[in-house]
Amino acid sequence: MTPSAVSLEAVTARFAGPGGTEYTAVEGVTLDVAEGAFVSLVGPSGCGKSTLLNMAAGLLAPSVGTVRIFGDPLRGINRRATCMFQQEALLPWKTVLDNVTLSLTFRKPRERKQSEELGRLWLKRVGLEEFADRFPYQLSGGMRKRVAMAQNWIAGPDILLMDEPFSALDIHTRLRMEGEILNLWAGSNKTVLFVTHDLEEAIALSDEVLVLSAGPAGRLVGRYPVDLPRPRNLIDIRAEPRFADLYRSIWTDLREEVLKSYERADYERRHAS
Ligand SMILES: Nc1ncnc2c1ncn2[C@@H]1O[C@H](COP(=O)(O)OP(=O)(O)OP(=O)(O)O)[C@@H](O)[C@H]1O
Ligand SMILES: [Mg+2]
């Protein structure tokens, strides 16, 4: 059997809190992402989505449990993955082209011309070939995300870890970016682990949606395969009856966790004052 691209095996993440206390962000989470799959992680704010993604990226070691990447225990940074975060990750003093080719200069001492050609090819793929010599501040938010996407894909990762990459974008730009990510992913055999607050986005893009419980000690409370055919039309798909069915059943789980997280936040506010 081929090993999963990403396996979290009974992972727990504890953080040091104020006054020597300890906070358990996630507890005993086991999940697998098969090679080539597109899997989304949803759950209320603070439930540990970013924490799990950081563990898969090797940016955070689990307090308990094991992370495996293609079957091998992960120690240190996950070299087979790239990460795309919600925040801007472009270097403001570098041009669009230099931002896109950043990982090439870091990873291998390629010929400059070769990396430039590859950079231009990727800029073309994300529709920004004419912006190669601009600086990030001269682009719109959506364009900057496309640069970040090219920057991630050019490195040729086997795994893409994405933490709410499009949440700051307006709905139209977002739909476009979602379409672009699916186009890049389709047929690539790359594995995507995608974190989002938006259940519609999760269903529209994914092969499977994983629901996490409210923190502290977030756990996995549901796994939902998404059996909608591909390729998907991201605008029309939301109107399909099967989409609505999936949305309803996942939302039943998620709603409960979101309500719990509100109750906990209320409780903490009352006891903090
Ligand atoms: N380095 C850290 N030190 C202390 N606590 C942390 C640290 N990182 C995360 N936490 C806590 O762990 C919990 C989970 O955080 P995490 O960022 O994973 O949540 P999330 O599900 O990504 O939330 P959001 O949807 O708001 O991004 C939160 O309560 C957070 O305060
Ligand atoms: Mg987060």
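Computed from heavy atoms alone, side chains included, the values below leave out hydrogens, waters and symmetry copies. Values in this document were obtained by computation on a predicted structure and should not be read as measured data. We count ligands from 1, going down the list as the structure has it; atoms in each ligand are counted the same way.
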Which of the numbered atoms in ligand 1 are under 4.0 angstrom from any heavy atom belonging to [X]?
X      : value
Glu164 : 25 (O), 27 (O)
His197 : 25 (O)
Gly48  : 14 (C), 16 (P), 18 (O), 19 (O), 20 (P), 21 (O)
Tyr23  : 12 (O), 13 (C), 29 (O)
Thr51  : 14 (C), 15 (O), 16 (P), 18 (O)

Looking at Arg125 and Glu180, is there a salt bridge between them, counting it only when a charged N and a carboxylate O are closer than 4.0 Å?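 No, this pair does not count.
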
Presence of salt bridge, Asp98 and Arg134, under 4.0 angstrom: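 No, Arg134 and Asp98 are not salt-bridged.
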
Between Phe166 and Phe194, how do the two ring planes meet: parallel, tilted or perpendicular, split at 30° and 60°?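 It falls in the tilted class, 30° to 60°.
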
Under 6.0 Å from the ring centre and within 45 degrees of the ring axis: does the NZ or CZ of Arg14 meet both conditions for the six-membered ring of Tyr23?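 Judged by the rule, Arg14 and Tyr23 form no cation-pi pair.
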
For [atom], what is the closest protein heavy atom, and at what distance to 0.1 Å?
atom                    : result
atom 4 (C) of ligand 1  : Phe15 CB, 3.3 Å
atom 26 (O) of ligand 1 : Ser45 OG, 2.6 Å
atom 28 (C) of ligand 1 : Gly46 O, 3.8 Å

Can you confirm whether some protein heavy atom lies under 4.0 Å from atom 14 (C) of ligand 1, or whether none does?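 Yes, there is one.
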
Would you say atom 31 (O) of ligand 1 has a protein heavy atom nearer than 4.0 Å?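 No.
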
Kindly compute the distance separating CZ (Phe243) from CD (Glu200), expressed to the nearest 0.5 Å.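 Taking CZ in Phe243 and CD in Glu200, the distance rounds to 5.0 Å.
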
Report yes if some heavy atom in the side chain of Arg264 is under 4.5 Å from a heavy atom in the side chain of Pro216; otherwise report no.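 Side chain of Arg264 against side chain of Pro216, heavy atoms only: contact under 4.5 Å found.
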
Checking Lys190 against Leu160 for the side chain to side chain contact (heavy atoms under 4.5 Å, CB included) test, could you report, in this order, the C-alpha distance in whole Å, the side-chain angles of both residues, the deciding distance, and whether it holds? CA-CA 7 Å; Lys190 294 191 188 298; Leu160 289 117; 3.8 Å; yes

Using a 6.0 Å cut-off, check whether atom CZ of Arg255 has over 12 heavy atoms from anything other than its own residue.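 Open: at most 12 neighbouring heavy atoms sit under 6.0 Å from CZ of Arg255.
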
Have a look around the Mg ion (ligand 2) and list protein N/O/S atoms under 2.8 Å, or say none.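 Result, waters dropped: Ser50 OG.
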
